[in-house]
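See below for the structure under consideration.
Both counts, for ligands and for their atoms, begin at 1 and track the order of listing.
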Amino acid sequence: MRVSKKAQFIMDELEILFPDADCELNFTNTWELLVAVMLSAQTTDKHVNSVTKHLFKKYPDAESYLLVPLDELENDLRSIGLYRNKSANLQKTAKIIVEQYHNVVPSDHKALVALPGVGQKTANVVQSVGFGIPAFAVDTHVHRVSKRLGLVKETADVKETEAALCKKFPRDSWIRLHHQFIFFGRYLCKAQRPNCAVCPFQNICTYYKKK
Ligand code: SF4
């Protein structure tokens, strides 16, 4: 594909800024990754890691989530936002993984989004991080940064942002860029106080120009 000068500039600068960007959730297999990503909605990765540190010991596989009553799982997750919904979805998803997939998390996108509590973003993260299948997961950081860098319109929804990013950047860069966009949004182009003074994107940033 032909990469625009702007897209190439963004890729080059992010590579300089965050050469080691990677998934910050802790996991040792695709089931744990799926659980961690499901828990991460509206919660920081750091907090998810502090919870899964104990959770993964008590619940070593999908089957173990089915051996406890729902209120016990809720109690184990109560420090996490939306823990009631997340607990219920985890048990339903665990049941499907055990009964339909013989304890193996599927890599297929359709199969992933059919799991309770698994949306487009979660499925993309599991595909890309867990299976190395190119996908551009759009979380709150990726969405915000894409708008500020003028890669999508201000009014774009998450679906439009994902489509635009996949169109503008080469397929083999999606996994890496997804992490670099998140690091950029998390540590430099923050929602409330972006550190514009040290940002290489001032010239192309719609937010900076408005300021
Ligand atoms: S100039 Fe500021 S708002 Fe724009 S991309 Fe850089 S850090 Fe973000």
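- Listed by number with element, the atoms of ligand 1 under 4.0 angstrom from any heavy atom of Arg148 are 3 (S).
- Taking 2.8 Å as the threshold, Cys196 does not count as a candidate ligand of atom 4 (Fe) of ligand 1, since none of its N, O or S atoms lies below it.
- When only non-hydrogen protein atoms are considered, atom 6 (Fe) of ligand 1 lies nearest to Cys199 SG, 2.3 Å.
- At a cut-off of 3.5 Å, with distance as the only test, a side-chain donor of Asn124 or Glu162 sits close to an acceptor on the other residue.
- In this structure, Phe9 has its ring center closer than 6.0 angstrom to the ring center of Phe201.
- Taking the six-membered ring where the residue is Trp, the centroids of Tyr65 and Trp31 are separated by under 6.0 Å.
- Among all protein heavy atoms, the one lying closest to atom 8 (Fe) of ligand 1 is Cys189 SG, 2.4 Å.
- Closest to atom 3 (S) of ligand 1 among all protein heavy atoms lies Tyr207 CD2, 3.3 Å.
- Nearest non-hydrogen protein atom to atom 4 (Fe) of ligand 1 is Cys205 SG, 2.3 Å.
- Atoms of ligand 1 found under 4.0 Å from any heavy atom of Leu188 (numbered from 1 in listed order, with element): 7 (S).
- Ring geometry for His178 versus Phe136: interplanar angle over 60°, hence perpendicular rather than tilted (30 to 60°).
- Salt-bridge check for Glu74 with Lys86: failed, with every basic side-chain N at 4.0 Å or more from each acidic carboxylate O.
- A side-chain donor-acceptor contact under 3.5 Å links Asp76 and Tyr59.
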